[in-house]
Amino acid sequence: MAVQTVAGTTTPSASPDLGPAAALSCRECGERFALGPLFACASCFGPLEVAYDLPTGSPEELRKRIEAGPDNIWRYAPLLPVPADVAEKPNLNPGFTKLVKADNLARELGVTGGLYVKDDSGNPTHSFKDRVVAIAVEAARAFGFTTLSCSSTGNLAGAVGAAAARAGLRSCVFIPHDLEQGKVVMAAVYGGELVGIEGNYDDVNRFCSELIGDPLGEGWGFVNVNLRPYYGEGSKTLAYEICEQLGWRLPDQIVVPIASGSQLTKIDKGFQELIKLGLVEDRPYRIFGAQAEGCSPVSAAFKAGHDVVRPQKPDTIAKSLAIGNPADGPYVLDIARRTGGAVEDVNDEQVVDAIKLLARTEGIFGETAGGVTVGVAKKLIEAGVIDPALTTVVLNTGDGLKTLDAVSATSQATATIKPSLDAFRAAGLASA
């Protein structure tokens, strides 16, 4: 099947098996299109997303069906654009990561209503990107692609490389040339092609968009471009898991990091679907977006009361969030305002402090994106914006081992001593 960039330019030769997915729908004008490798509306150029024929019947029966499923995202296959037999195919089976009740961190921040960390560093390549890539792989299979690709700030490159290797597909991924070395190695180790582009993420993304429209890109599935409607649905599984792990109830408040903004918008979509299906009680919840000060276009727009997000040139240690022109930025603003949330940012020093705070209180070593969410949560609690008496969930989307440079200068050995008790006593480290 030829790769297309705009809906309506081609019709798939056969209806793909993507489970309950019924069509692609434009988020702006609502026009619907046949399922295919499309991401922009042919009428208004708005973004496309997956529309479903969701299950009908008893919510209790659906809950039981989900709970009887595998301990990964495929327990939610009836709500995702994947074939019914997806769990039997070779894939990385991400998801159902820990929801940690963070009592120590709660005491530190003055939270009394219950604080949880959704720790997605437990995924196969140690970031939430395994979720979105797993869904995109199924779309790539359905559309007959032979090469899996992406533009990436690091975590996605590793997730694509690993998923392609497991699925028996070729991979070729593109990253900014100056990423953290840990992410470069993790992306390269899976044996696919890894290409550094001189420039930032937005430059990389523009290059990939050009490649899709060129004959060189024939047969290539770019998970976050021409497969983006399917890819984005993987983030809904965070919403599903959080609600199930809370006993099938919505959190009162959730803090989500913003790169492109897709994760936040799809978490909201996931909450809304659970409400529609009767799986959770319909009650208010607040969504907060978190950015790094050095790349905070959505935060700046929110604070200024704007509906338009002005692009910024990224300059932050939180490179996984360093997208200066976030595609879903306007939708993030809508959701934050509709739910009574907010979008806030923290500087690099606050990011590092928050990484160490989470590690010191809960034994979770988050990457810089996790430092951003914890740092923003702390800032908003102290400002009285986040209610400390309500149930709050904070996302940690990746493993701190990928971003060691951020904390290495202040995280060294306490002392170096000779191997003797006298030397240990002299160092003043013996307990009283």
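As the structure is a computational prediction, the values presented were derived from the model and not from experiment.
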Near [X] [atom1], under 6.0 Å, is it more than 12 heavy atoms from other residues, nucleotides or ligands?
| X | atom1 | value |
| --- | --- | --- |
| K98 | NZ | no |
| R310 | CZ | no |
| K276 | NZ | no |
| E198 | CD | no |
| E349 | CD | no |
| K313 | NZ | no |
| K378 | NZ | no |
| D315 | CG | no |

Salt-bridge present ([X], [Y]; N to O < 4.0 Å):
| X | Y | answer |
| --- | --- | --- |
| R283 | D252 | yes |
| D203 | R206 | yes |
| E138 | R141 | yes |
| E362 | K101 | no |
| E244 | R63 | no |
| D328 | R27 | yes |

request  = Using side-chain hydrogen bond (donor to acceptor under 3.5 Å, both in side chains) as the criterion, list what pairs up with E210, not counting sequence neighbours.
outcome  =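 Listed in chain order: nothing, the list is empty.
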What pairs of donor and acceptor atoms, side-chain ones from residues 174-184 against any protein atom, are under 3.5 angstrom apart with sequence neighbours left out?
| unit_1 | atom_1 | unit_2 | atom_2 | d |
| --- | --- | --- | --- | --- |
| H177 | ND1 | I197 | O | 3.4 |
| H177 | ND1 | G199 | N | 3.4 |
| K183 | NZ | E367 | OE1 | 3.4 |

ask   = Can you check whether K379's main-chain N or O pairs, donor with acceptor, with E382's side chain at less than 3.5 Å?
value =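 Not at all, since once roles are kept as given, no pair shorter than 3.5 Å links the two residues.
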inquiry  = When you measure from the side chain of D120 to the backbone of T397, do you find a donor-acceptor pair of N or O atoms at a distance under 3.5 Å?
reply    =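 Looks like no, no N/O pair under 3.5 Å.
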ask   = Hey, what do you get for CG (L395) to CZ (F288), rounding to the nearest 0.5 Å?
value =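 Nearest 0.5 Å value for the CG-CZ distance: 13.0 Å.
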ask   = So, is the end of the R75 side chain (NZ or CZ) under 6.0 Å from the ring centre of F96 and within 45° of the ring's axis?
value =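 Yes.
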